[in-house]
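Every chain is numbered from 1, with letters handed out A, B, ... down the list of sequences.
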Amino acid sequence: MNSRIFALVDCNNFYASCERVFNPKLENEPIVVLSNNDGCIVSRSNEAKELKIPMGAPYFKYKELMNKNGVHVFSSNYTFYGDMSRRVMKSLRMLLPDLEIYSIDEAFVDLSQYRESNLVEISEEIKEKVKQWTGIPISIGIAHTKTLSKVANSIAKKEKESSICDLRKIEKIEEELTILDVEEIWGIASGWGKRLKSIGINTGYDLMKANPEYIRQKISVVGQRIIMELNGYSCIDIERVQKKKSIISSKSFGYKVTEIQEIKEAVSTYAARACEKLRDQKSRVQVISVYLRTSPFEKEDSRYAKSETKVLSTPTSSTAKVITAANKIIEEIYREGYRYQKTGITLLNLINEDYVQESLYEDRSLEREEKITTVMDQVNMQYGTNTIFHASQGTKKDWRVKSDSRSKKYTTSLKELPLVK
DNA sequence: TCTGGGGTCCTAGGACCC
DNA sequence: TCTGGGGTCCTAGGACCC
């Protein structure tokens, strides 16, 4: 049978491991990393996991437990983690060219061409090299489909010594799926999990043996596909094109905001950030969507959430154009009297920048605007983010998020290089 | 007091057309 | 006044992922 072979490479406890790379004293110490605004726990070292601190839990609920146990707490430092991620992915790509970067800390690899080789041996080598080059420990799961390689990877993580799992033998697949809760399967979360359990499907093995047509009715074609994948038929391929189809920029405020002026500053800042990402991938945007909301944990009569979508007259990558449109939406959806928690913008219907060039340049003002944007990008690249920015983004920025315990930008800021004493 | 941010995909239902 | 089916496109919302 000419079946495919996939590997899922996953960095172990990625953000926590990044913090360790330049701070070796943290070896064997419990670490957690918090989300923006120091809101939730988003990464835990093994030692922190042993203290039963759950993933995604609100920080304030576990503060005491962590103090008591001497847990090292870090605010998130995405500039640093992003750079470490690039190093890991670059290392992987040198060793395994047919690679899909799936998230900041994971990559899928097509290993079909290595079917005659000893894949466990190859994986050992890759693991060693990545650790040596970047300081980051990884786990590797090997299987005939992406979904099964996810399962393999979670098994690899539990095997403390090897961190590698080859899950290609049918007996082993069935054995492992029998002891795997159905909600642990990639693509099944608690919503569908509950639905499946109510019809007697409790484990990965139950789902593997379920009737695909029936599951399609109960869930959707997504569920059907998962069953096929569990049975070794590959339905989800490596994604080789990696342009984003939508770009989001959103953040909670550092405190509850009531004034429209501050909200406009925030949304202008996020719009600028989103447009930078847009130009990075050489696209233009045709549709934008902006939302504004209070905390969902407010009492019901003080809750408010609204979003509005706008089609732009011409596809653009100009920050000024997008800021103007975004602020117009804020004016439409803002209501006085609420304590707002968060706003954000999504760029949608992205197209390739060269696709529109001709018609675009009939309008000379657009050409001028693009030149301004290009110059701004260059200045900010050279002298640091937000050296120049649009006036609408504001200069006070009281609404900005807080992050009390951020580590240094060891790898991206000259001022914050680690010192060797 | 304090609960993240950035993505993708699928479906149902309405508008509209012939 | 009665009275149709079939197709496409778009959007909102809901599910999932890390």
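Heavy-atom nearest nucleotides on DNA chain B were determined for A:K256 and for A:I248, and the one closer to the 5' end corresponds to A:K256.
Annotation: salt bridge (charged side-chain N to carboxylate O under 4.0 Å, His left out) contacts involving residues 7-16 of chain A, sequence neighbours excluded, comprise A:D10-A:K157. Counting only residues at least two apart or on different chains, the salt bridge (charged side-chain N to carboxylate O under 4.0 Å, His left out) pairs with a member in residues 204-214 of chain A are A:E174-A:K209. Each salt bridge (charged side-chain N to carboxylate O under 4.0 Å, His left out) pair with one or both residues in residues 218-246 of chain A, not counting sequence neighbours, appears once here: A:R4-A:D237, A:D98-A:R240, A:D110-A:R240. Applying the side chain to side chain donor-acceptor pair (under 3.5 Å) test to residues at least two apart or on different chains, the pairs with a partner in residues 124-141 of chain A are A:N12-A:S139. Within the structure, salt bridge (charged side-chain N to carboxylate O under 4.0 Å, His left out) contacts touching residues 12-31 of chain A (residues at least two apart or in different chains) are A:R20-A:E47.
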Output a table of nitrogen or oxygen pairs between the protein and nucleotides 8-10 of chain C separated by less than 3.5 Å.
none

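Of all non-hydrogen atoms in A:S149 and A:A143, the two that sit nearest each other are N-CB, 3.5 Å. Residue A:C235 comes nearest to A:M228 through the heavy atom pair SG-CB, 3.5 Å, listed as atom of the first residue, atom of the second, then distance. Closest heavy-atom contact between A:T203 and A:L177: CB-O, 3.7 Å.
Within 4.0 Å of A:R225, counting heavy atoms only, lie sugar-phosphate atoms of the nucleic acid but no base atom. Backbone-only engagement by A:I247 is indicated by non-hydrogen atom pairs under 4.0 Å involving sugar-phosphate atoms exclusively.
The separation between A:Y78 atom OH and B:dG4 atom C1' is 6 Å, rounded to whole Å. In this entry the distance linking CD of A:E308 with P of C:dT11 reads 12 Å, nearest Å. Per the geometry, CG belonging to A:N37 stands 7 Å off P belonging to B:dT3, to the nearest Å. Straight-line distance from the CG atom of A:L348 to the C1' atom of B:dG6: 13 Å, rounded to whole Å. Rounded to an integer number of Å, the gap from A:D280 CG to B:dG6 C1' is 15 Å. Separating the OH atom of A:Y255 from the P atom of B:dT3 is a distance of 15 Å, rounded to the nearest angstrom. Atom CD1 of A:I345 is separated from atom P of B:dG6 by 12 Å (rounded to the nearest Å). Residue A:Y270 contributes atom OH, which lies 14 Å from atom C1' of B:dG6 at whole-angstrom precision.
Contact annotation: A:K342 reaches the phosphate of B:dG5 (side-chain N/O to OP1 or OP2, under 4.0 Å). Taking side-chain N and O atoms only, A:S250 has a distance below 4.0 Å to OP1 or OP2 of B:dG6. Dashed line: the shortest gap from a side-chain N or O of A:Q341 to OP1 or OP2 of B:dC2 is not under 4.0 Å. Dashed line: the shortest gap from a side-chain N or O of A:K218 to OP1 or OP2 of B:dT11 is not under 4.0 Å.
A:Y102 has its ring centre less than 6.0 Å from the ring centre of A:W186.
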Show me, pair by pair, the donor-acceptor contacts under 3.5 angstrom made by side chains of residues 48-64 of chain A, not counting sequence neighbours?
{"residue": "A:K49", "atom": "NZ", "partner": "A:N13", "partner atom": "OD1", "Å": "2.7"}

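An angle of 10°, rounded to 10°, separates the two end axes of the helix from B:dG5-C:dC18 to B:dC18-C:dG5, each defined over five pairs.
Remark: nothing in residues 42-72 of chain A comes within less than 4.0 Å of DNA chain C through any heavy atom. Scanning residues 292-306 of chain A for heavy-atom distances under 4.0 Å to DNA chain B yields A:F297.
Using a 4.0 Å cut-off between charged side-chain N and carboxylate O, A:E308 and A:K328 make no salt bridge. With respect to A:E332 and A:K306, no salt bridge is recorded, no charged nitrogen being found less than 4.0 Å from a carboxylate O. A salt bridge links A:E331 with A:K264; the closest basic N to acidic carboxylate O contact falls under 4.0 Å.
Looking only at side-chain heavy atoms (C-beta outward), A:L92 and A:I126 come within less than 4.5 Å of each other.
For the atom pair CG of A:L8 and NZ of A:K146, the computed distance is 9.5 Å after rounding to the nearest 0.5 Å.
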Worksheet item: How far apart are the C-alpha atoms of A:Y81 and A:Y15, what are their side-chain angles, what is the distance that settles it, and do they pass the ring pair (Phe, Tyr, Trp, His ring centres under 6.0 Å) test?
Response: CA-CA 6 Å; A:Y81 308 146; A:Y15 301 161; 4.4 Å; yes

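Comparing atom distances between the A:S252 side chain and each of B:dG4, B:dG6, B:dG7 picks out B:dG4 as nearest.
Nucleotides B:dT3 and C:dC18 have their P atoms positioned 24 Å apart, rounded to a whole Å.
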Response to the item:
Contact string for nucleotides 12-18 of chain C, one letter per nucleotide 5' to 3', B = base within protein heavy-atom range under 4.0 Å, S = sugar-phosphate only, - = neither, reads ---SSSS

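Under the salt bridge (Lys or Arg N to Asp or Glu O under 4.0 Å) criterion, A:E298 pairs with A:R339, not counting sequence neighbours.
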